[in-house]
Trainee: 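First the structure, which I've put down as structure tokens, then a few questions once you've had a look.
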Amino acid sequence: MPAASACVYASQSSFSMSVAVDKHNRVDSLTAGGSVKIFLPNTVTMWPWPRRVNQYFSEVEVEAVAWFASFNAFGAGAQHAFDRIQCDLLGCLAYPNASKVHVRIACDWMRIAFFIDEYSDVVGPNDVRKQKSITMDALHNPDKPRPEGEWIGGEIVRQFWSRTIHDAGAQSQKRFIAAFEKFLESLVNEAIDRSEYRIRDIPSYIEMRRDTVGLRSFFALLELGLDIPDEVISHPTIVVMANACLDMVALDNQARGGVSHNMITIVMNELDTDKKFLEAMSAIPKWGDPIDSQVTEYCDGLGNWVRANYEWKFESERYFGTKGLEIRSKRWMTLMPKDCLKDPKELGPVLVNDSLLV
């Protein structure tokens, strides 16, 4: 999911950007005074979805922050850094038209997805499998008390899902559970890759990133209050749009795997994701009302996710610390020296001056 590295948030050779449009802009770098700077193109210049934020942002943020903090999932320092990621801002940008109940669900899930990603990053494949087993059991049994001494993720997911099922239809629940399991399994595979020092080729890496980014479960939350049949969601045109959106957002995380900024340019041109998305949207079939209006709402949500992710990157402190708006304006960022990186086994985000490390 949305866990990545960039100049002031995370890992070495940090570079993050939404791969959407304007792919002929530069992705350049230069070295000055011993530091490396990278030019970030404006990749959403022509993207037709404007920035919008949910009207309940301020209220939901207070509630969601307090709820998650009650679990003491991180130490005090890591929790403070975690809050600066501003999960609720992304949730309210990604679901600008949602009701207060629905956007609270989205914000809670945003926080949980980041939390799970943090925990899976610092352990081996066997422990990630245990985390998957615990959280899936909690999802399937939201009324069952969790065992004493169990990993806290089980109780967090149980509480989340016990509230969510009252506001999610059968189709949305089914797709959310399937997407969540796929996300967890991809984290297991990612842990295996780390333990075996495996480097994937570009096609298999992109395919895996579509799952490890965790976005499919957020697509299911676009269906809260809707009832879209399986044959519609699985229609080739809708699948093309969903995959294009996944690729646009997932490539934000390229730097976490140590992929150079030049590789981003290659992938942008190769996938042509923005064009695929917009062409598919203009070719959506008609099924008749009320399905057509629900499909329009769902696909609008997919397109908006690209804009939401791009804006959040600069407005939050996750990628660029307190310098996000300045970097968005000037388009240049300075890479963090490798000697500033945290121990890979250290749990949770870490603050370094005005920066965040994950």
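Values below: every heavy atom of this structure, side chains too, minus hydrogens, waters and symmetry copies.
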Trainee: Side-chain heavy atoms under 4.5 angstrom apart, residues restricted to Ile, Leu, Val, Met, Phe, Trp, Tyr: same cluster for L139 and I152?
Mentor: yes
Trainee: Would you say F183 and L215 make side-chain contact, with heavy atoms under 4.5 Å?
Mentor: no
Trainee: Nearest 0.5 Å, what's the OG-CG distance between S99 and D167?
Mentor: 7.0 Å
Trainee: Go through the steps for D201 and S204 under the test side-chain hydrogen bond (donor to acceptor under 3.5 Å, both in side chains), then give the verdict.
Mentor: CA-CA 6 Å; D201 58 27; S204 66; 2.7 Å; yes
Trainee: Does the side chain to side chain contact (heavy atoms under 4.5 Å, CB included) test come out yes or no for L93 and F57, once each step is laid out?
Mentor: CA-CA 9 Å; L93 287 168; F57 171 44; over 6 Å; no
Trainee: Do you reckon I156 sits in the same ILVMFWY cluster as V123, going by side-chain contacts under 4.5 Å, direct or chained?
Mentor: yes
Trainee: Pairs under 3.5 angstrom only: tabulate donor-acceptor contacts from the side chains of residues 279-289 to other protein residues two or more places apart or in another chain.
Mentor:
unit_1, atom_1, unit_2, atom_2, d
S282, OG, E279, O, 2.7

Trainee: Kindly compute the distance separating CD1 (I228) from CD (Q294), expressed to the nearest 0.5 Å.
Mentor: 5.5 Å
Trainee: Enumerate, atom names and distances included, each donor-acceptor pair closer than 3.5 Å involving a side-chain atom of residues 218-226, sequence neighbours excluded.
Mentor:
unit_1, atom_1, unit_2, atom_2, d
E223, OE1, R175, NH1, 2.4
E223, OE2, R175, NH1, 3.4

Trainee: Output the distance between atom CG (N54) and atom CG (L89), rounded to the nearest 0.5 Å.
Mentor: 11.0 Å
Trainee: Side chains of F68 and D83, heavy atoms from C-beta outward: is any pair under 4.5 Å?
Mentor: no
Trainee: Once side-chain hydrogen bond (donor to acceptor under 3.5 Å, both in side chains) is applied, do any residues pair with T237, and if so which ones, sequence neighbours excluded?
Mentor: H235
Trainee: Mind checking what makes ring pair (Phe, Tyr, Trp, His ring centres under 6.0 Å) contact with F180, not counting sequence neighbours?
Mentor: W109
Trainee: Under 4.5 Å between any side-chain heavy atoms of P142 and I165, yes or no?
Mentor: yes
Trainee: Less than 4.5 Å apart, any side-chain heavy atom of R216 and any of L246?
Mentor: yes
Trainee: Testing the basics here: between S195 and P125, what is the closest heavy-atom pair and its distance to 0.1 Å?
Mentor: OG-CG, 3.7 Å
Trainee: Should the heavy atoms of other residues, nucleotides or ligands under 6.0 Å from NZ of K174 be counted, would the total exceed 12?
Mentor: yes
Trainee: Quick one: which of K130, K144, R158, K132 gives a salt bridge (Lys or Arg N to Asp or Glu O under 4.0 Å) with D137?
Mentor: K144
Trainee: Do the rings of F114 and F82 sit parallel, tilted or perpendicular, given the 30° and 60° boundaries?
Mentor: perpendicular
Trainee: Determine, stepwise, if the pair K182 / E185 fulfils salt bridge (Lys or Arg N to Asp or Glu O under 4.0 Å).
Mentor: CA-CA 5 Å; K182 200 165 188 178; E185 186 59 29; over 6 Å; no
Trainee: Quick check: does any side chain N or O of E317 sit under 3.5 Å from a backbone N or O of R84, one acting as donor and the other as acceptor?
Mentor: no
Trainee: E63: which residues meet the salt bridge (charged side-chain N to carboxylate O under 4.0 Å, His left out) condition with it, sequence neighbours left out?
Mentor: K100, R104
Trainee: Grab the two heavy atoms, one from S293 and one from P290, that are nearest each other, plus how far apart they are.
Mentor: OG-O, 2.9 Å
Trainee: Under 6.0 Å between ring centres: does that hold for W47 and Y310?
Mentor: no
Trainee: Provide the full list of ring pair (Phe, Tyr, Trp, His ring centres under 6.0 Å) pairs with a residue in residues 122-156, sequence neighbours left out, each pair given once.
Mentor: F115-W151, Y119-W151
Trainee: For E150, enumerate each residue passing the side-chain hydrogen bond (donor to acceptor under 3.5 Å, both in side chains) test, keeping only those at least two apart in sequence or located in another chain.
Mentor: R146
Trainee: Which residues pass the salt bridge (charged side-chain N to carboxylate O under 4.0 Å, His left out) test with R198, not counting sequence neighbours?
Mentor: D193, E196
Trainee: Does I192 form a side chain to side chain contact (heavy atoms under 4.5 Å, CB included) with R129? I'd like the steps, not just the answer.
Mentor: CA-CA 11 Å; I192 293 172; R129 287 192 186 94; 3.6 Å; yes
Trainee: Quick check on the hydrophobic clustering: are V249 and F314 connected, directly or via other members, by side-chain heavy-atom contacts under 4.5 Å?
Mentor: yes
Trainee: Hydrophobic cluster membership, with links at side-chain heavy-atom distances under 4.5 Å among I/L/V/M/F/W/Y: are L302 and V53 in one?
Mentor: yes
Trainee: W305 and C245: which non-hydrogen atoms are nearest, and at how many Å?
Mentor: CB-SG, 3.9 Å
Trainee: How about W161 and T135: do any of their side-chain heavy atoms sit closer than 4.5 Å?
Mentor: no
Trainee: Just verifying a value: how many Å separate D211 CG and L184 CG, rounded to the nearest 0.5 Å?
Mentor: 11.0 Å
Trainee: For residues 303-312, which residue pairs pass the salt bridge (charged side-chain N to carboxylate O under 4.0 Å, His left out) check, not counting sequence neighbours?
Mentor: R307-E311, E311-R328
Trainee: For P48 versus P50, what's the shortest heavy-atom pair and its separation?
Mentor: O-CD, 3.5 Å
Trainee: Begin with the C-alpha distance, continue with both residues' side-chain angles, and end with the deciding distance and a verdict on side chain to side chain contact (heavy atoms under 4.5 Å, CB included) for C107 and C87.
Mentor: CA-CA 6 Å; C107 290; C87 301; over 6 Å; no
Trainee: How close do A64 and D88 get, counting heavy atoms only, and between which atoms?
Mentor: CB-OD1, 3.3 Å
Trainee: Give the cluster check for M110 versus F71: same hydrophobic cluster or not, with ILVMFWY residues linked at side-chain heavy-atom distances below 4.5 Å.
Mentor: yes
Trainee: The criterion is salt bridge (charged side-chain N to carboxylate O under 4.0 Å, His left out); which residues satisfy it with E181, sequence neighbours excluded?
Mentor: none
Trainee: Contact between V157 and M136 at the side-chain level, heavy atoms closer than 4.5 Å - yes or no?
Mentor: no
Trainee: Apply salt bridge (Lys or Arg N to Asp or Glu O under 4.0 Å) to the pair R194 and D127, showing each step before the final yes or no.
Mentor: CA-CA 13 Å; R194 285 197 307 268; D127 287 325; over 6 Å; no
Trainee: For a quick test of reading the model, state the closest non-hydrogen atom pair linking I233 to V239 and the distance between them.
Mentor: O-CG2, 3.9 Å
Trainee: Would you give the length of the straight line joining atom CG of D108 to atom OG1 of T164, rounded to the nearest 0.5 angstrom?
Mentor: 7.0 Å
Trainee: Under the salt bridge (charged side-chain N to carboxylate O under 4.0 Å, His left out) test, which residues partner E148, sequence neighbours left out?
Mentor: none
Trainee: So, do W49 and V306 sit near enough that their side-chain heavy atoms are less than 4.5 Å apart?
Mentor: no
Trainee: How far apart are the C-alpha atoms of D247 and R210, what are their side-chain angles, what is the distance that settles it, and do they pass the side chain to side chain contact (heavy atoms under 4.5 Å, CB included) test?
Mentor: CA-CA 7 Å; D247 291 339; R210 287 176 175 172; 2.8 Å; yes
Trainee: Evaluate the side-chain proximity of N304 to Y95: yes if any heavy-atom separation is below 4.5 Å, no if none is.
Mentor: no
Trainee: Look up atom CD1 in I116 and atom CZ in R111, then write down how far apart they are to the nearest 0.5 Å.
Mentor: 13.5 Å
Trainee: Which pairs, with at least one residue in residues 64-75 and sequence neighbours excluded, count as a side chain to side chain donor-acceptor pair (under 3.5 Å)?
Mentor: W67-Q159
